[in-house]
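Reminder, nothing fancy here: chain letters follow the sequence lines and each chain counts from 1.
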Protein chains: 2
Amino acid sequence: MDKCSVAYTLSILVGKWKPLIILALSQEEILRYGQLKREIDGITHKMLSSQLKELEQAGIIHREEYPQIPPKVEYSLTEKGVAFLDVFNAMKIWGDRYASP
Amino acid sequence: MDKCSVAYTLSILVGKWKPLIILALSQEEILRYGQLKREIDGITHKMLSSQLKELEQAGIIHREEYPQIPPKVEYSLTEKGVAFLDVFNAMKIWGDRYASP
DNA sequence: CGGCATCCCAAGCGATACTG
DNA sequence: CAGTATCGCTTGGGATGCCG
C-alpha cells in the first residue's frame with residue numbers, strides 16, 4: 001500500500017471537526033454557516049470558520065457568498081468532497097462490524 | 001450516515017503515528033519492536049510504545065512477548081486490524097484520484 | 001531489547017470580543 | 001449573519017534517562 005496517497009487523505013481528516021463538517025454537508029447538500037453551526041454540536045465560531053476555510057482550500061467544499069445585508073454564505077460538497085464519502089463509508093462498515101464492547 | 005461508527009473508526013486513526021504502524025504491519029505480517037521502529041521513519045521510542053499499547057487495547061494488533069533475555073516482542077495485526085485495511089484502501093483510492101493541486 | 005517515567009515546548013483548540 | 005483577532009489553557013508528542 002502506497003503511503004503517500006493515504007497520507008494525503010489523512011491530512012483531510014486532521015482536526016477534531018473536519019469529519020463532522022463533511023458528514024453534516026453530506027446529509028443536507030447545502031447549508032448556511034449558521035445552520036452548520038447548529039448541526040455540529042459544540043463547535044465554536046472560530047473553529048467552524050477556520051475548518052471551513054481549510055476544507056475550501058483543499059477543494060472539498062464549495063463556498064457561495066451572497067453579497068447582501070445581512071450576509072449569507074452557503075456551503076456544499078464539491079465532487080471531490082462527495083467522493084470522499086466513500087472513505088467514510090468504509091469507516092462506517094468497519095465501525096459497525098467492530099465497534100467496541 | 002451514522003456518525004457513531006464513523007467516530008469509532010476515527011478514534012483509531014487519532015494521533016500522528018497509528019496509521020503508519022498499521023500500514024507497516026500490513027506489509028510485513030509480523031514485526032519486532034525494533035524492526036517497527038526502523039520501519040517507521042522518525043518515530044520516537046516513547047511514541048511507538050504508547051501507540052502500540054493503545055492499538056493493542058483497541059484490539060487492532062496482537063502483542064506476543066517472549067520471556068527471554070534480551071527481551072523479544074512481536075507485533076502483528078489481528079483480524080480486526082486486517083479488516084481495517086479496507087479503510088486504508090478507500091483512502092488510497094480517493095487519494096490517488098484527488099491528490100492535490 | 002523493550003517498557004515506563006519525567007520534563008518541556010508547541011500546536012490545537014476554546015472563550016471572548018470586535019468588524020462589516 | 002458571517003468572518004477575524006487575541007488570549008490563554010490544555011494536550012500531543014519530542015528528548016532523555018532509568019529499569020527489568
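Taking only side-chain nitrogens and oxygens, Y33(B) never comes nearer than 4.0 Å to OP1 or OP2 of dC4(C). Under 4.0 angstrom from either OP1 or OP2 of dG2(C) there lies at least one side-chain N or O belonging to R32(B). Residue R63(B) has no polar side-chain atom (N or O) positioned under 4.0 Å from OP1 or OP2 of dG2(C).
For the helix from dC1(C)-dG20(D) to dG20(C)-dC1(D), the terminal axes (five pairs an end, C1' atoms, rotation from four pairs onto the next four) enclose an angle of 30°, given to 10 degrees.
To the nearest 0.5 angstrom, Y33(A) atom OH is 4.5 Å from L48(A) atom CG. To the nearest 0.5 Å, atom NE2 of residue H45(B) and atom NZ of residue K37(B) are 8.0 Å apart. Taking CG from L77(A) and CD1 from I30(A), the interatomic distance works out to 10.5 Å, rounded to the nearest 0.5 Å. Here W17(A) contributes atom CH2 and E54(A) contributes atom CD; the two are 14.5 Å apart, rounded to the nearest 0.5 Å. In this structure, NZ on K80(A) lies 10.5 Å from CG on L55(A), to the nearest 0.5 angstrom.
Residues L85(A) and W94(B) form no side-chain contact, since every pair of their non-hydrogen atoms from C-beta on lies 4.5 Å or further apart. Counting heavy atoms from C-beta outward, V14(B) and L10(B) have side chains that stay 4.5 Å or more apart. Within the 4.5 Å cutoff, no side-chain heavy atoms of Q51(A) are placed close to those of L20(A). With contacts defined as side-chain heavy-atom distances shorter than 4.5 Å, the pair I40(B)/L23(B) does not qualify. The side-chain heavy atoms of I12(B) and V87(B), taken from C-beta on, include no pair separated by under 4.5 Å.
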For side-chain hydrogen bond (donor to acceptor under 3.5 Å, both in side chains), just list the numbers for E74(B) and Y66(B), CA-CA rounded to whole Å, side-chain angles, deciding distance to a tenth of an Å, and then say yes or no. CA-CA 8 Å; E74(B) 288 180 343; Y66(B) 297 87; 2.9 Å; yes

If a protein heavy atom is under 4.0 Å from the base, mark B; if only from the sugar-phosphate, S; if neither, -; do that for nucleotides 13-20 of chain C going 5' to 3'. BBB-B--B

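In this entry the distance linking CZ of R38(B) with C1' of dC1(C) reads 11 Å, nearest Å. One can place CD of E56(B) at 13 Å from C1' of dG2(C), the figure rounded to the nearest angstrom. The separation between L36(B) atom CG and dG3(C) atom C1' is 15 Å, rounded to whole Å.
Boundaries of the chain B contact region on DNA chain D are dG13(D) to dG20(D), first to last in 5' to 3' order (nucleotide atom under 4.0 Å from a heavy atom).
Y66(A) comes within contact range of no nucleotide atom at all, as no heavy-atom separation falls under 4.0 Å.
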